[in-house]
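Below: one structure, written as structure tokens.
None of the values given here were measured: they were computed from a predicted structure. In what follows, every heavy atom counts, from backbone to side chain, and hydrogens, waters and symmetry copies are set aside.
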Amino acid sequence: MHPAVFLDRDGVIIENRASYVLDWSDVKFYPQALDALAKASASPYKFVIVTNQSAVGRGRMTLEKAEELNHRLVAHIERAGGRIDGVFLCPHAPEANCTCRKPEPGLIIQAAEKLCLDLNRSILIGDALSDLLAGQAAGVNRLALVRTGRGLSQKRLPVPNHLKPFVTYNTLTDALADLLEGK
């Protein structure tokens, strides 16, 4: 069983877009995120992207297109020296009430089963409270919010009473440097 670093995609690795990331031309990496993933690539942690992609469920793009974008994203990260061990996406619109759309824990649980991950020793880094809630519901022990993407505005929202304490970092670089150093 391996520990993992679960990463939200939009707002953590690439910039969020109000009109969704529908095409490769919409992908804008945070340069610091690519550097951070490259520096962390030797870590014993598995790196797993867990991402809601409701544009599929809303009919804005096909599942195949979403998977192609994720494949290209991983290839780009690898060319920059980083490593992604798995990508799990929820293609459903919010009204589908599925168990894989964050804040539900389904994506994280799927990843844990497929990749033999130890959730108790794992970390989740997201830019939204829904990311943290999903991690907590799945049993991820350490939760972190980054201020990139929606993170800054999420910090101004009331934190749900049942959400356990989490740490906040400016960027993925800061989060990985601190969280992986302490292992």
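Distance CD/Glu68 to CG/Asp23: 8.0 Å, rounded to 0.5 Å. To the nearest 0.5 Å, atoms CG (Asn170) and OG1 (Thr148) are separated by 9.0 Å. A distance of 8.5 Å separates CG of Asp178 from CZ of Arg142, quoted to the nearest 0.5 Å. Here CG of Leu129 is found 6.5 Å from CG of Leu133. Values are rounded to the nearest 0.5 Å. Within the model, atoms CG of Leu145 and OG1 of Thr168 stand 5.0 Å from one another, a figure rounded to the nearest 0.5 Å. The structure places CD1 of Ile109 at 7.5 Å from CG of Leu119, a figure rounded to the nearest 0.5 Å.
Looking at Ile123 and Asn141, their side chains never come closer than 4.5 Å, going by heavy atoms from C-beta outward. You'll find the side chain of Phe166 stays beyond 4.5 Å of the side chain of Asp131, heavy atoms only. Between Val21 and Asn16 there is no side-chain heavy-atom pair separated by less than 4.5 Å. The shortest side-chain heavy-atom distance between Arg83 and Leu37 does not fall under the 4.5 Å cut-off. Residues Lys39 and Leu176 fail the side-chain proximity criterion, which asks for heavy atoms closer than 4.5 Å. Side-chain contact between Arg17 and Asp10 is absent, with no heavy atoms from C-beta onward closer than 4.5 Å. Residues Arg60 and Leu22 meet the side-chain proximity criterion, which asks for heavy atoms closer than 4.5 Å. Arg147 is not listed as a side-chain neighbour of Tyr169, based on a closest heavy-atom distance of 4.5 Å or more.
When atom types are taken as modelled, the side chain of Gln53 and the backbone of Cys90 share no donor-acceptor pair closer than 3.5 angstrom. Between the side chain of Ser122 and the backbone N or O of Ala4 there is at least one donor-acceptor pair closer than 3.5 Å. Side-chain atoms of Glu67 never come within 3.5 Å of backbone atoms of Leu89 as a donor-acceptor pair (strictly under, hydrogens ignored). A donor-acceptor contact shorter than 3.5 Å is absent between the side chain of Arg9 and the backbone of Val87. Not a single donor-acceptor pair under 3.5 Å links the side chain of Asp118 to the backbone N or O of Pro3. Remark: the backbone N or O of Phe47 is paired with a side-chain donor or acceptor of Asp85 at under 3.5 angstrom. The closest donor-acceptor contact from the side chain of Tyr30 to the backbone of Gly149 lies under 3.5 Å.
Crowding of Lys114 atom NZ: a count of heavy atoms from other residues, nucleotides or ligands under 6.0 Å not exceeding 12. The number of heavy atoms from other shown groups lying within 6.0 Å of NZ (Lys65) is above 12.
Linking ILVMFWY side-chain heavy atoms closer than 4.5 Å, directly or via other members, places Met61 and Ile49 in a single hydrophobic cluster. By the rule that hydrophobic residues join a cluster once side-chain heavy atoms approach within less than 4.5 Å of another member, Val167 and Leu157 end up as members of separate clusters. Under a hydrophobic-cluster definition in which Ile, Leu, Val, Met, Phe, Trp and Tyr are linked whenever side-chain heavy atoms come within less than 4.5 Å, directly or via other members, Ile84 and Leu115 are assigned to different clusters. Taking hydrophobic clusters as Ile, Leu, Val, Met, Phe, Trp and Tyr residues chained together by side-chain heavy-atom distances below 4.5 Å, Leu143 shares a cluster with Val50. Val5 and Ile13 end up in the same hydrophobic cluster when Ile, Leu, Val, Met, Phe, Trp and Tyr side chains are linked at under 4.5 Å.
For the 3.5 Å distance criterion, the side chains of Gln32 and Thr173 qualify, holding a donor opposite an acceptor. Using a 3.5 Å distance cut-off with no hydrogens or angles, the side chains of Ser54 and Asn52 do not pair a donor with an acceptor.
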**OP:** Report the C-alpha separation of Thr171 and Val146 in whole Å, then their side-chain angles, then the decisive distance to 0.1 Å, and conclude whether the side-chain contact (heavy atoms from CB on, under 4.5 Å) test is met.
**Re:** CA-CA 5 Å; Thr171 65; Val146 290; 5.8 Å; no
Original post:
Could you go step by step and tell me if Leu179 and Ile125 meet the side-chain contact (heavy atoms from CB on, under 4.5 Å) rule?
Top reply: CA-CA 10 Å; Leu179 295 167; Ile125 302 171; 4.2 Å; yes
**OP:** Assess whether side-chain contact (heavy atoms from CB on, under 4.5 Å) is satisfied between Phe88 and Asn70, documenting all intermediate values.
**Re:** CA-CA 9 Å; Phe88 294 80; Asn70 284 334; over 6 Å; no
Subject >> side-chain contact (heavy atoms from CB on, under 4.5 Å) between Leu69 and Trp24, intermediate numbers included >> reply: CA-CA 6 Å; Leu69 280 172; Trp24 185 249; 3.9 Å; yes
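Nearest heavy-atom pair across Glu104 and Cys98 is CG-O, 3.6 Å. Of all non-hydrogen atoms in Arg101 and His92, the two that sit nearest each other are NH1-O, 3.5 Å. Here the shortest heavy-atom pairing between Val48 and Ala111 reads CG1-CB, 3.9 Å. Minimum interatomic distance between Leu180 and Ala40 (heavy atoms only, all atoms of both residues): CD1-CB, 3.7 Å. Closest approach of Gln110 to Cys100, counting heavy atoms only: NE2-CB, 3.9 Å. In terms of heavy atoms, Ile108 sits closest to Ala138 at CG2-CB, 3.5 Å.
You'll find the ring centres of Tyr45 and His2 outside the 6.0 Å limit.
The residues Lys102 and Asp8 are annotated as salt-bridged, a charged nitrogen and a carboxylate oxygen being separated by less than 4.0 angstrom. A salt bridge does not link Lys28 to Asp26: none of the charged side-chain nitrogens sits closer than 4.0 Å to a carboxylate oxygen.
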